[in-house]
Number of protein chains: 2
Amino acid sequence: MNHVRARQRRPTMADVAREAGVALRTVSRYVNGDDTVGPDFAERIRAAIDSLDFKVDERARQLRSGRTGTIGAAVRNISEAHPVLSAIEATARAAGLMVVAMSTEDDERLERDAVRSMSGRRMDGIIIEPIAENHGYLQAEIDSGLPVVAFDRPATGVDVDTVLTDNPGGIAQAFEHLYRRGHRRIAYIGDDERIYTGHVRAMAFRTCAAAAGAPHDGLVHPGPVDQSRIAAALASVRHDPDPVTAVITGNASTTVAAIRALGEDFGAVALVGFDDFPLADLLRPGLTVVAQGDEEIGRTAFELFRSRLEHPDRPIERVVVPTRLIIRGSGEIPLYP
Amino acid sequence: MNHVRARQRRPTMADVAREAGVALRTVSRYVNGDDTVGPDFAERIRAAIDSLDFKVDERARQLRSGRTGTIGAAVRNISEAHPVLSAIEATARAAGLMVVAMSTEDDERLERDAVRSMSGRRMDGIIIEPIAENHGYLQAEIDSGLPVVAFDRPATGVDVDTVLTDNPGGIAQAFEHLYRRGHRRIAYIGDDERIYTGHVRAMAFRTCAAAAGAPHDGLVHPGPVDQSRIAAALASVRHDPDPVTAVITGNASTTVAAIRALGEDFGAVALVGFDDFPLADLLRPGLTVVAQGDEEIGRTAFELFRSRLEHPDRPIERVVVPTRLIIRGSGEIPLYP
DNA sequence: GTGAAAGCGCTAACAG
DNA sequence: CTGTTAGCGCTTTCAC
């Protein structure tokens with residue numbers, strides 16, 4: 001083993017060609033698996049590559065060939081569990097594409113930075129979980145032929161392929177589950193209505209309640225996901241003269257905050273959360289949730305990207321992925337203990 | 001807004017120069033914030049960039065300039081929560097570097113693919129959570145001047161800067177905590193000993209037990225993280241003629257599997273887990289854990305990378321980051337109920 | 001089959 | 001302060 005440190009210049013194809021005594025073009029063809037290279041040449045090239053420890057420079061290769069074989073994923077936070085990203089990665093890998101993920105941290109500036117960086121690297125496409133208020137800035141990218149797919153929330157101000165969860169359907173599943181078990185006073189605590197999913201889910205809840213003839217005045221509490229805000233909302237609906245018997249929480253972090261706020265009272269009101277998360281089954285009682293089809297969302301997002309690549313002019317598609325109710329106990333506590 | 005789709009060729013600096021009626025070099029200098037560009041020229045260039053919607057091609061820029069401003073992170077799974085990655089990202093961003101994360105999925109081949117890809121893209125450095133049996137293949141990268149930093153586990157067969165958790169110290173914290181509370185028969189269930197952390201932690205446990213004069217024959221159960229294997233190990237130590245009163249689990253997934261296996265009995269034996277994880281405080285009882293210094297590990301890894309960049313020939317460093325015991329209840333149940 | 005030459009889009013020298 | 005001239009390391013015509 002060679003222990004020379006910091007050999008300054010990395011070997012290039014020209015070095016390999018010289019070492020092997022062949023033309024540069026022949027090395028290129030060998031490296032790219034072109035089988036029109038004679039076996040003796042191939043062997044000499046292989047030896048030269050080994051001895052110089054040559055590695056092709058992807059930047060140069062991509063610059064010249066045009067394609068990068070890379071797809072960018074701009075998601076909320078790459079350091080947190082992200083089943084959709086996982087599915088995108090798996091599908092992309094199967095298709096021979098590499099996924100580069102970047103965090104947007106729910107920050108508009110970071111989102112734009114990420115997209116800029118991906119577009120600047122001339123990635124083959126972008127899959128984005130939109131956060132910005134307005135995505136008009138994406139139009140230029142799309143116009144220049146970059147396939148863009150949005151998931152979880154629609155990108156506003158721009159027409160792109162989109163994959164969404166069936167938010168109204170999920171809320172309806174939760175509501176009907178509780179209603180059938182006899183609950184009539186049901187509260188909804190969720191995200192700020194300025195956030196897409198927060199708005200859509202709150203609206204869906206109002207619609208469900210109205211359709212069932214159940215009350216919802218004072219029972220819908222959208223707002224920031226903030227421990228004290230959620231504790232207060234919970235207290236207000238539980239200590240009402242006519243207290244609620246069940247609560248629906250609008251997303252995973254709200255659910256966790258609600259469980260924390262309930263403390264020892266967790267299990268005293270029926271609770272159904274939107275979003276499944278790891279360990280939800282280990283709580284006591286187990287948490288009943290409306291789970292999103294993460295795997296399907298990720299797979300679909302990638303497929304929309306791929307079909308856009310093949311048919312740049314096909315019409316924009318919007319796919320809605322169904323949710324699934326998972327019964328674990330917290331939504332099934334007896335109505336009158 | 002321009003709604004032409006798929007304008008084939010993206011505009012280049014040459015296009016901008018032509019449009020603005022200046023030399024290409026001047027555009028380059030404008031784009032790179034070189035303030036030696038006259039204000040009138042700058043304005044014309046700005047207008048041309050806007051009208052053509054020009055974006056610099058990072059690939060070309062990087063190829064020519066040599067630097068990529070990017071650091072690769074090869075971690076177990078980018079789709080799962082990863083506090084260390086989070087810290088690396090934050091530190092790197094503050095230093096103006098972008099982090100590109102790739103999953104290794106605990107698969108040796110994927111690890112090599114990721115490293116190959118990062119090295120091929122001529123990234124400025126690599127931070128890796130090693131999984132492969134042997135990392136000799138990294139030597140060539142290091143020799144060619146690529147800074148490599150390992151964390152969580154050492155890279156075998158190659159000398160690189162490394163950041164590790166104080167595994168023996170963490171196990172000692174758990175053991176002593178239980179011992180002081182009167183526990184004498186304590187079991188350890190953890191990872192396979194072929195895995196570095198699995199080995200080190202099991203050994204540390206044996207050492208602690210021996211030093212305290214506590215028994216450990218038949219009480220140390222390393223092996224695959226497999227629900228049935230862990231359930232069996234747990235059953236064997238609990239249904240012993242002389243049953244254990246406490247259990248230490250060697251990592252997060254083992255802890256979760258153990259809690260699952262205990263079912264309603266969770267809380268019947270004292271349990272301290274290595275690794276903290278989200279929602280550990282919401283379990284009943286709350287989970288007492290030995291938490292790793294994720295933030296410090298990530299920050300340190302990045303700093304080692306940066307110092308290596310500046311001083312390529314400084315000696316290899318190995319940093320050990322302390323753990324912290326977090327008391328939440330599962331490790332403090334009464335010894336004799 | 002293989003090889004010479006031209007460029008991908010940009011930045012780094014240098015001269016003006 | 002600006003323009004001209006070379007390349008970065010690779011793939012791609014096109015001859016041979």
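It should be emphasised that the depicted structure is a prediction, and the values quoted were computed from it without experimental measurement. Reminder, nothing fancy here: chain letters follow the sequence lines and each chain counts from 1.
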Query raised in the report: Is B:R306 salt-bridged to B:E303, going by a charged N under 4.0 Å from an acidic O?
Result: no
Query - Along DNA chain D, first and last positions that approach a heavy atom of chain B under 4.0 Å - result: D:dC1 to D:dG9
**Report entry** Carboxylate-amine/guanidinium contact A:R64 A:D57, below 4.0 Å
**Finding:** no
Query raised in the report: Could you run down nucleotides 6-16 of chain C 5' to 3' and tag each one B, S or - for protein heavy-atom contact under 4.0 Å?
Result: BBBBBBBB---
Query raised in the report: So, B:E296 and B:R299, do they make that salt bridge, N to O below 4.0 Å?
Result: no
Query - Pair B:R318 + B:D159: basic N to acidic O under 4.0 Å - result: yes
Query raised in the report: Pairs in or reaching into residues 299-319 of chain A: which pass ring-ring contact (aromatic ring centres under 6.0 Å, His included), with residues at least two apart or in two chains?
Result: A:F302-A:F305
Report task. Please determine if B:R109 and B:D113 form a salt bridge, counting it only when a charged side-chain N lies under 4.0 Å from a carboxylate O. Result -> yes
Query raised in the report: Within a radius of less than 6.0 Å around CZ of B:R29, do more than 12 heavy atoms belonging to other residues, nucleotides or ligands occur?
Result: yes
